[in-house]
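Take a look at the structure set out below.
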Amino acid sequence: MATERTRKHQSKRKNGGSLNGLYLAVSVVLILAVILGGSIVFFKINTVEVEGNVHYTEEEIVDASGVNLGDNLLLTRDATVVARVLTQLPYVSSVALSHKLPDTLVITVAESDAQAAIYDGSGNWWLMDSSGKLLELLESGTDSATDEEAASSDLEPEDAEEDTSEAEPSSSGVEPEEETVEMPDPPEGYLYITGLTLYLPEAGSVIAVEEDGERSQSLMLESLLNLLPAFQNRGLLEGVVSIDLSSESEIIVNYQNRLTIKLLQDEDYDYKAKLILGVLEDYVDANWEDGDTGTLDMTFSDGNPRLTKD
């Protein structure tokens, strides 16, 4: 009898334990549901703050983020917001989001500075940063085309027909030469870069180049993107007036309209910048008079720079 009572008691304890576990699980689920429901109801975005902006207004950054007042603060996907801002606003280089409970989203941005203007080979100048990211189109190059169209529209029909006939291929079968695009004057206030033909340039994209078959523009572009930060880190970039990349193997740098610096492509430009600083301090600044100009040739195989005065 005692054994049978013990078994019944143990069975009741097991059943009670199972019920208690079930009650606990249900309670946890209900608590989580209440918390989730509360977060959806109470943690709505009522304020968006923007920090670090220079080129763009707070409204422009908030619009680009796609965040709306009333969105849930805790369910906002940071990666999606960051991608939207970086895609739509070229000057923005990084984005970070943070929350101020209960209802404020903070968008902190860092923006790039334009370090140079680069000619795209098709009549346009673009601002770019030192990483090669295109920031803004400065010259459309469409004014001359518009003027030509306006001029042609002023012609009498007979004159227009005559002009058309002159443009037709000659009986010899030789096609007329393709008209070259004249490069506009470089914008003031920026060092300017020439010699590359950009491929499908677009604000917010990193520079790509077209290969012309005669020289490697890709290697020249890679050299440029290594040269710019090296000069910037050594404090030389602010003195650079222009960079010419039209040569097959040499980079020509105009420094302060005083010194023409010749460099080979695909070099250790940090080391070269260090050598240039030494030449400037020990020879040019120490011995040259105002108005003196010259050439610093760093293309010799022994690696030693050659400085000559004009």
Side-chain angles (χ1 to χ4, degrees), residues 45-69 71 73 76-100 103-120 124-141 184-194 196 198-209 221-243 245 253 269-270 273:
I45 298 175
N46 290 321
T47 305
V48 180
E49 297 179 357
V50 177
E51 299 177 349
N53 56 307
V54 177
H55 293 89
Y56 302 109
T57 65
E58 292 187 9
E59 182 178 2
E60 287 175 321
I61 293 175
V62 173
D63 288 345
S65 73
V67 174
N68 298 305
L69 297 182
D71 289 349
L73 184 66
T76 299
R77 295 187 176 183
D78 290 6
T80 301
V81 174
V82 169
R84 287 172 181 161
V85 176
L86 290 176
T87 301
Q88 297 182 43
L89 304 178
Y91 276 94
V92 175
S93 58
S94 66
V95 183
L97 303 185
S98 58
H99 303 154
K100 289 183 180 179
D103 60 359
T104 300
L105 175 68
V106 181
I107 304 176
T108 303
V109 300
E111 298 185 6
S112 299
D113 291 324
Q115 297 294 340
I118 186 168
Y119 181 62
D120 66 1
N124 304 310
W125 287 97
W126 293 79
L127 290 184
M128 58 173 282
D129 64 13
S130 59
S131 71
K133 181 182 180 181
L134 297 175
L135 303 176
E136 183 180 350
L137 175 64
L138 289 182
E139 296 287 347
S140 65
D185 292 334
E188 296 182 0
Y190 301 97
L191 78 91
Y192 60 93
I193 301 167
T194 58
L196 296 178
L198 304 190
Y199 178 72
L200 299 178
E202 183 179 1
S205 65
V206 176
I207 295 174
V209 293
L221 173 59
E222 183 180 351
S223 299
L224 171 68
L225 298 183
N226 290 328
L227 174 68
L228 291 176
F231 271 42
Q232 186 175 34
N233 292 338
R234 294 286 182 176
L236 289 170
L237 197 61
E238 61 186 18
V240 176
V241 176
S242 65
I243 300 176
L245 306 173
V253 177
Y269 294 115
D270 184 67

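Start at 1 with the first residue, then count along the sequence.
Inspection of the Tyr91 and Glu136 side chains reveals an N or O donor paired with an N or O acceptor under 3.5 Å.
Using a distance-only test at 3.5 Å, with no hydrogens or angles considered, no donor-acceptor pair links the side chain of Gln88 to the main chain of Val85. Asn53 places a side-chain N or O within 3.5 Å of a backbone atom of Tyr56 that can act as its donor or acceptor partner. Side chain of Asp71 to main chain of Asn68: a donor-acceptor pair is present (N/O by atom type, distance under 3.5 Å, no hydrogens or angles). A donor-acceptor pair is defined here as one N or O able to donate and one able to accept, closer than 3.5 Å; such a pair exists between the side chain of Ser93 and the backbone of Ala110. Under the 3.5 Å distance criterion, the side-chain polar atoms of Thr87 are left unmatched by any main-chain donor or acceptor of Arg84.
Nearest heavy-atom pair across Trp126 and Ala203 is CZ3-N, 3.5 Å. A pairwise comparison of heavy atoms in Ser94 and Leu86 identifies N-CD2, 4.0 Å as the closest pair. Annotation for Ile207 and Leu221: closest pair O-CD2, 3.6 Å, computed over non-hydrogen atoms.
Taking OH of Tyr192 as the reference point, atom CG of Leu127 lies at 15.5 Å (rounded to 0.5 Å). To the nearest 0.5 Å, the span separating CD1 on Ile243 from OG on Ser223 amounts to 11.0 Å. Between the CE atom of Met128 and the CG atom of Leu191 there is a distance of 8.5 Å, given to the nearest 0.5 Å. In this structure, Asp113 CG and Leu135 CG are separated by 9.0 Å, a value rounded to the nearest 0.5 Å. Taking CD from Glu49 and CD1 from Ile61, the interatomic distance works out to 13.0 Å, rounded to the nearest 0.5 Å. Here the CD-CG distance, from Glu58 to Asp63, works out to 11.5 Å after rounding to the nearest 0.5 Å.
Leu105 pairs with exactly one of Asp78, Val67, Leu69, Val81 by the side-chain contact (heavy atoms from CB on, under 4.5 Å) rule, that one being Val67.
Counting heavy atoms from C-beta on, the side chains of Val92 and His55 never come closer than 4.5 Å. The side-chain heavy atoms of Pro90 and Leu134, taken from C-beta on, include no pair separated by under 4.5 Å. Side-chain contact between Ile107 and Leu97: present, with at least one pair of heavy atoms (C-beta onward) separated by less than 4.5 Å. Side-chain contact between Ser130 and Gln115: present, with at least one pair of heavy atoms (C-beta onward) separated by less than 4.5 Å. Between Leu245 and Thr194 the shortest side-chain heavy-atom distance does not fall below 4.5 Å.
Trp125 and Tyr119 have tilted rings, their planes meeting at an angle from 30° to 60° on a 0 to 90° scale.
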Quick one: side chains of residues 228-239, donor-acceptor pairs under 3.5 Å with protein atoms, not counting sequence neighbours, listed by atom name and distance.
from: Asn233; atom 1: ND2; to: Pro229; atom 2: O; distance (Å): 3.1
from: Arg234; atom 1: NE; to: Asp270; atom 2: OD1; distance (Å): 3.4
from: Arg234; atom 1: NH2; to: Asp270; atom 2: OD2; distance (Å): 3.2

